[in-house]
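Throughout, a chain's letter reflects where its sequence line sits, starting with A, and its residues are numbered from 1.
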Number of protein chains: 2
Amino acid sequence: MVSVATWNINSVRLRLPLVEKYLREEAPDILCLQEIKCQEHQFPAEALAALGYEHQAVHGQKGYHGVATVSRLPLREVSRHDWQDNGEARHVGAEIIGKDMIVENVYVPAGGDVPDREVNAKFGQKLDFLERMTRWAGSIDRPTLIVGDFNIAPLESDVWSHKQLLKVVSHTPLEVDTLQEFKDAHGWTDIGREHIRDPERYFSWWSYRSPDWRKNDRGRRLDHMWASPDLARQAISHRILEEARSWEKPSDHIPLVTEFAL
Amino acid sequence: MVSVATWNINSVRLRLPLVEKYLREEAPDILCLQEIKCQEHQFPAEALAALGYEHQAVHGQKGYHGVATVSRLPLREVSRHDWQDNGEARHVGAEIIGKDMIVENVYVPAGGDVPDREVNAKFGQKLDFLERMTRWAGSIDRPTLIVGDFNIAPLESDVWSHKQLLKVVSHTPLEVDTLQEFKDAHGWTDIGREHIRDPERYFSWWSYRSPDWRKNDRGRRLDHMWASPDLARQAISHRILEEARSWEKPSDHIPLVTEFAL
DNA sequence: GTTTCAACGG
DNA sequence: CCGTTGAAAC
């Protein structure tokens, strides 16, 4: 059995107590964090090692972005893709020793406000990032799990209002199509949606700007766990921790976890 | 009996819990705050009124400086001097209704790093401020108490090292002389030094930068309470609360309080 | 060292 | 709304 979790933590230093709480209470074997917002030497490596997560692959940068995979199982960092080719720390790949699984931890760019690559360079960069991921996906030759903040909610049931979000970055048809191309390039299985099936409501993020997140529930599913076909068949459970959105000083994202019969 | 306190609070919003603690435990009739660092609409008026300090004269500005006098006794704001003539909120004057006392609450500019008006405009502004106060002092015709952060430590026993601070802004002979001219212009009595007499050590401020403030004790007396001659004769006690420098997330200044037989 | 602001990114 | 940086001020 191997359990893998993913969580956009929005500053791992500020929210170290929440990460510790999560690891203590949920105890996944592997936790993939995005938006750690720190450099590698600032990552709370000892605090997480003290909880048993002594195997770590951290790709940080100053102030923005940054991803980290921490694990109770031995792990070897195998890649740091820069799919935007701009030096931002948005990916780290790790091999889980003795488990025939590669864990790709990714933080797709948010893409700015205007869904038009002509007027908003960030939107173009987001699409470029996905297109380069798609090219990369064709070369995968080992059972792979890719998780993280994809910053796209592909299904109607992935957002609180399909109609109101059609022109909002994260749910535009162009982004959804571009993500679908990535999906097809390797035949990924969307594990989350295998277990919480469309059209059931499934959100992983609620904006800080929208007050009373539980009552108004204006969420989106921006975080994902996708597996290679063979690996996906080993996924035996998947759950999300909505209550984490109500913790003291929360991240705007919640953790997702999948258990594999490995 | 009327007790008046003064405290440079270094952000009243951030340190509201400390102000509340002080008011609950020491219960002066009047508290003069400096460096409230907020606009008037942001001042925690209700919280202080709830403790009985419902009479308030607040002169705030965005982000910097700002003074406030809060009182359990009825009070009427009577002046807001701009002795720098640059719009900064560094003074508020209030009449204590039925007590024949004007309370002038002042925050003298710090004066920058270099004690030379030619190379450091802020030092010149500080001296200008004091000179304009001196001219104003000649016109005082009612029993007056002037308190606040004067940003000058005039006596040798007002600093941890007279020799090492002779060229440090706050203790230069030029500042001390300029302050003395202000003192002479009205015949102010330095109430603090009436009760904790030179050459006894008397500090009201310890820099955040100097670690272990209690052990190294590199303090200065920057905060003062000066009274008109007749009023000074009514001062029956004066004390300082050094322990406030050790409170959680403290101001770098401590509160001073004087009790008057009025 | 501590707090403020402004800018940026989300 | 929340977090980061970097400058300015004390």
- To the nearest angstrom, the CG-C1' distance between A:Leu18 and D:dG3 comes to 14 Å

- A:Trp206 CH2 - C:dG10 C1' separation (whole Å): 17 Å

- Message: Between P on D:dT4 and OH on A:Tyr107, what's the gap in Å once rounded to a whole number?
- Response: 13 Å

- Query: What nucleotide, of D:dG3, C:dT4, C:dG10, holds the atom closest to the side chain of A:His65?
  - Reply: C:dG10

- Message: Students often get this wrong, so: under 4.0 angstrom with heavy atoms, is B:Arg245 touching a base, only sugar-phosphate, or nothing?
- Response: nothing

- Dump the intermediate steps for side chain to side chain contact (heavy atoms under 4.5 Å, CB included) on B:Phe150 and B:Leu130, then the final yes or no. CA-CA 9 Å; B:Phe150 290 12; B:Leu130 291 163; over 6 Å; no

- Which residues satisfy the side chain to side chain donor-acceptor pair (under 3.5 Å) test with B:Lys21, sequence neighbours excluded? B:Glu25

- Message: Taking only side-chain N and O atoms of A:Ser11, does any of them lie within less than 4.0 angstrom of OP1 or OP2 on D:dT4?
- Response: yes

- To the nearest angstrom, how far is A:Ile36 atom CD1 from C:dG10 atom P? 15 Å

- Task: Let me know the distance between OH of A:Tyr64 and P of D:dC2, rounded to the nearest Å.
- Result: 18 Å

- Message: Rounded to whole Å, how long is the line connecting atom CD of A:Gln61 with atom P of C:dG9?
- Response: 12 Å

- Message: Once you apply a heavy-atom cut-off of 4.0 Å, does B:Arg218 come out as touching a base, just sugar-phosphate, or nothing?
- Response: nothing

- Would you sort out whether B:Lys37 and B:Leu14 count as a side chain to side chain contact (heavy atoms under 4.5 Å, CB included), showing the intermediate values? CA-CA 10 Å; B:Lys37 289 190 174 175; B:Leu14 207 62; over 6 Å; no

- Item | Among C:dG10, C:dC5, C:dC8, the one nearest B:Lys62 by side-chain distance | C:dC5

- Query: Any side-chain N or O of A:Arg15 under 4.0 Å from OP1/OP2 of D:dT4?
  - Reply: no

- Message: For a quick test of reading the model: is some side-chain N or O of A:Lys122 closer than 4.0 Å to OP1 or OP2 of C:dG9?
- Response: yes

- Checking C:dG10, D:dC10, D:dT4 against the side chain of A:Glu35 (C-beta onward), the nearest is C:dG10

- Given C:dG10, D:dT5, D:dG3, the nucleotide with the shortest approach to the side chain of A:Lys37: D:dG3

- Contacts satisfying salt bridge (charged side-chain N to carboxylate O under 4.0 Å, His left out) that involve residues 145-160 of chain B (not counting sequence neighbours) are B:Asp158-B:Arg193, B:Asp158-B:Arg221

- Query: Rounded to the nearest Å, what distance is computed from the CG atom of residue B:Leu14 to the P atom of nucleotide D:dA9?
  - Reply: 20 Å

- Message: My understanding is that only one of A:Glu175, A:Glu88, A:Glu131 makes a salt bridge (Lys or Arg N to Asp or Glu O under 4.0 Å) with A:Lys126; could you say which?
- Response: A:Glu175

- Query: D:dC10, C:dG1, D:dG3: which one has an atom nearest the side-chain heavy atoms of B:Tyr208?
  - Reply: C:dG1

- Query: What is the distance, rounded to the nearest whole Å, between atom CZ of A:Arg209 and atom P of D:dC2?
  - Reply: 11 Å

